[in-house]
Amino acid sequence: MQRRSSERGRQGLVWAALIVCSVLAVLVIITGVVVFAVYLIYQPKMPYLHVPAAHLGRLDYDQSGTLGVEMVLIMVAENDNRAAAAGFSDVAFTLSFHGIDVALLRAGPFEVPRNSSLPLQYDARAGPVPLDADAMAAMDAALKAGLVPFDLAGQARTRWRVGLFLSVRFWTHLSCRLSFFWPNGTALHPNCTSRAH
Ligand SMILES: *[C@@H]1O[C@H](CO)[C@@H](O)[C@H](O)[C@H]1NC(C)=O
Ligand SMILES: *[C@@H]1O[C@H](CO)[C@@H](O)[C@H](O)[C@H]1NC(C)=O
Ligand SMILES: *[C@@H]1O[C@H](CO)[C@@H](O)[C@H](O)[C@H]1NC(C)=O
């Protein structure tokens, strides 16, 4: 009598486990279908930043080893999403020469409408920043060659809404080299993008 009731209890447990597993499997399938449908309908694209143009207006460097620069940088926030506006925030970039930070570029939060872009213009006036011996040697060589390299690195947080309720957030990172002919300050093929390749 006792044994039979414990056996029935075990069977009940097995059934309960089977039902829970089936429900979970169905939920996983439904979630997959919904995610796939949302993806097909909205085809979400990662918003990104790129630098199509830059110009070095001034470069003050003397043998005491301090560097001052004036640079105009155009950074464009791109939102290729056809159905969603994208928000950008925590935009922060560092401009450096030979590992020495020259300027910090920031922007407040902003929104880019669907399927469009927004250009930001930075007029960076920086320095005088003291260079170390390595950077001084690099600057001497760069001026002699007539091509001065700067590095631009940083990130922004992006957010865009997919459908009614799904909000996607990502950091987008950018790290690239900007080289300028000197003395005319023309940028050599600025080729900076945070788009993942
Ligand atoms: C997105 O913009 C491009 C050009 O900027 C335009 O040709 C295209 O029709 C637009 N697509 C939608 C869905 O608005
Ligand atoms: C700047 O100088 C470089 C090298 O001398 C040259 O190739 C480039 O065309 C010049 N840019 C302008 C706008 O004159
Ligand atoms: C930009 O950089 C990428 C990778 O570094 C390279 O494949 C591409 O040819 C470059 N484009 C230009 C215009 O320099």
Can you tell me if [X] uses its side chain to pair, donor with acceptor, with the backbone of [Y] under 3.5 Å?
{"X": "S194", "Y": "L49", "value": "yes"}
{"X": "H173", "Y": "A153", "value": "no"}
{"X": "R114", "Y": "R82", "value": "yes"}
{"X": "T158", "Y": "F170", "value": "yes"}

Rounded to the nearest 0.5 Å, what's the gap from [atom1] on [X] to [atom2] on [Y]? Could you check?
{"X": "D62", "Y": "M139", "atom1": "CG", "atom2": "CE", "answer": "11.0 Å"}
{"X": "H55", "Y": "L178", "atom1": "NE2", "atom2": "CG", "answer": "13.0 Å"}
{"X": "F181", "Y": "T186", "atom1": "CZ", "atom2": "OG1", "answer": "7.5 Å"}
{"X": "L174", "Y": "T193", "atom1": "CG", "atom2": "OG1", "answer": "6.5 Å"}
{"X": "D60", "Y": "L67", "atom1": "CG", "atom2": "CG", "answer": "8.0 Å"}

With heavy-atom distances below 4.5 Å as the criterion, would you say the side chains of [X] and [Y] are in contact?
{"X": "L120", "Y": "L105", "result": "no"}
{"X": "F97", "Y": "P149", "result": "yes"}
{"X": "L152", "Y": "F150", "result": "no"}
{"X": "Y61", "Y": "D140", "result": "yes"}

Return the minimal non-hydrogen interatomic distance between [X] and [Y], and the atom names on each side.
{"X": "F180", "Y": "G185", "result": "CD2-O, 3.4 Å"}
{"X": "V91", "Y": "Y122", "result": "CG1-OH, 4.0 Å"}
{"X": "A85", "Y": "W160", "result": "O-CB, 3.4 Å"}
{"X": "Q63", "Y": "M136", "result": "O-CE, 3.7 Å"}
{"X": "P128", "Y": "T66", "result": "CB-CB, 3.9 Å"}
{"X": "A126", "Y": "A103", "result": "CB-CB, 3.8 Å"}

Item checked: F110 and F88 aromatic ring geometry - parallel, tilted or perpendicular at 30°/60° bounds -> parallel
Checklist line | Contact list for residues 9-29, test side chain to side chain donor-acceptor pair (under 3.5 Å), sequence neighbours left out | finding: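 Side chain to side chain donor-acceptor pair (under 3.5 Å) check on residues 9-29 returns no pairs.
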Next item on the list: Provide the full list of side chain to side chain donor-acceptor pair (under 3.5 Å) pairs with a residue in residues 84-113, sequence neighbours left out, each pair given once.
Entry: D90-R157
Which pairs of donor and acceptor atoms, one on a side chain in residues 70-79, lie under 3.5 Å apart (sequence neighbours left out)?
unit_1	atom_1	unit_2	atom_2	d
E70	OE1	R125	NH1	3.4
E70	OE2	R58	NH1	3.2
E78	OE2	H50	NE2	2.9
N79	OD1	N81	N	3.1
N79	OD1	N81	ND2	2.9
N79	ND2	A84	O	2.8
N79	ND2	V112	O	3.2
N79	ND2	P113	O	3.2

